[in-house]
Amino acid sequence: QVQLVESGGGLVQTGGSLRLSCAASGRTFSSRAMGWFRQAPGKEREFVAAIHWSGGSTNYADSVKGRFTISRDNAKNTVYLQMNSLKPEDTAVYYCAAKAGTYASGSPFEYDYWGQGTQVTVSS
């Protein structure tokens, strides 16, 4: 069993930055790939970024490449999403997720555990 709690969301102006954190409980955190997804009002949940259990491999959606960075600290059971150059279209609820296995998949169907989400709002 893995429990995930996101934090760090908020309101920011266009061009600003935020860092999201996801604290995980459970002894299997370090053996799992982790991902960030987001869902805007009226839209489906979409992939943002994912990271291999070791942190050695990452995967990003085209819409965030070059602006967002995913990282993890297995000693702290925490995964991060650094978001720079934010745009209004980045406004969404951001969810942290954990999956069995180590591959940093972009498919939400492969993720077994989800956090409650944290709101990110980018004003124009």
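Please read all numbers here as calculations on a predicted model, not as lab measurements. Along the sequence shown, residues are numbered consecutively beginning with 1.
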Residue set satisfying ring pair (Phe, Tyr, Trp, His ring centres under 6.0 Å) with W114, at least two apart, ordered chain then number -> F37

For [X] and [Y], which heavy atoms make the closest approach, and how far apart are they?
{"X": "A61", "Y": "F47", "value": "CB-O, 3.4 Å"}
{"X": "E6", "Y": "Y94", "value": "OE2-O, 4.0 Å"}
{"X": "G55", "Y": "R72", "value": "N-CD, 4.0 Å"}

Shared hydrophobic cluster, [X] / [Y] (ILVMFWY, side-chain heavy atoms < 4.5 Å):
{"X": "V12", "Y": "V64", "result": "yes"}
{"X": "Y113", "Y": "W36", "result": "yes"}
{"X": "Y95", "Y": "L81", "result": "no"}
{"X": "L4", "Y": "Y80", "result": "no"}

Residues in side-chain hydrogen bond (donor to acceptor under 3.5 Å, both in side chains) with [X], at least two apart?
{"X": "S54", "value": "H52"}
{"X": "T121", "value": "Q119"}
{"X": "R67", "value": "D90"}

In short, salt bridge (charged side-chain N to carboxylate O under 4.0 Å, His left out) pairs touching residues 44-54 with sequence neighbours left out are R38-E46

Residues pairing under salt bridge (charged side-chain N to carboxylate O under 4.0 Å, His left out) where one sits in residues 80-89, two or more places apart or in two chains, turn out to be none

Indicate yes or no for a side-chain donor-acceptor contact from [X] to the backbone of [Y] under 3.5 Å, with no hydrogens or angles considered.
{"X": "T58", "Y": "I51", "result": "no"}
{"X": "Q39", "Y": "A92", "result": "no"}
{"X": "Q3", "Y": "S25", "result": "no"}

Which donor-acceptor pairs under 3.5 Å do the side chains of residues 13-23 make with protein atoms, sequence neighbours left out?
residue : atom : partner : partner atom : Å
T14     : OG1  : S123    : O            : 2.7
S17     : OG   : N84     : OD1          : 2.9

Apart from W53 itself, its cluster of hydrophobic side chains linked below 4.5 Å comprises none

Rounded to the nearest 0.5 angstrom, the CZ-CG distance for R32 and N77 is 11.5 Å

To the nearest 0.5 Å, atom OH of Y111 lies from atom SG of C96 at 9.5 Å

Sequence neighbours excluded and cut-off under 3.5 Å, please list the side-chain donor-acceptor pairs for residues 98-109, or say none.
residue : atom : partner : partner atom : Å
K99     : NZ   : Y103    : O            : 3.1
S105    : OG   : S107    : N            : 3.0
S105    : OG   : E110    : OE1          : 3.3
S105    : OG   : E110    : OE2          : 3.2
S107    : OG   : F109    : N            : 3.3

Sorted by chain and residue number, the side chain to side chain contact (heavy atoms under 4.5 Å, CB included) partners of K65 (sequence neighbours excluded) come out as Y60, D62

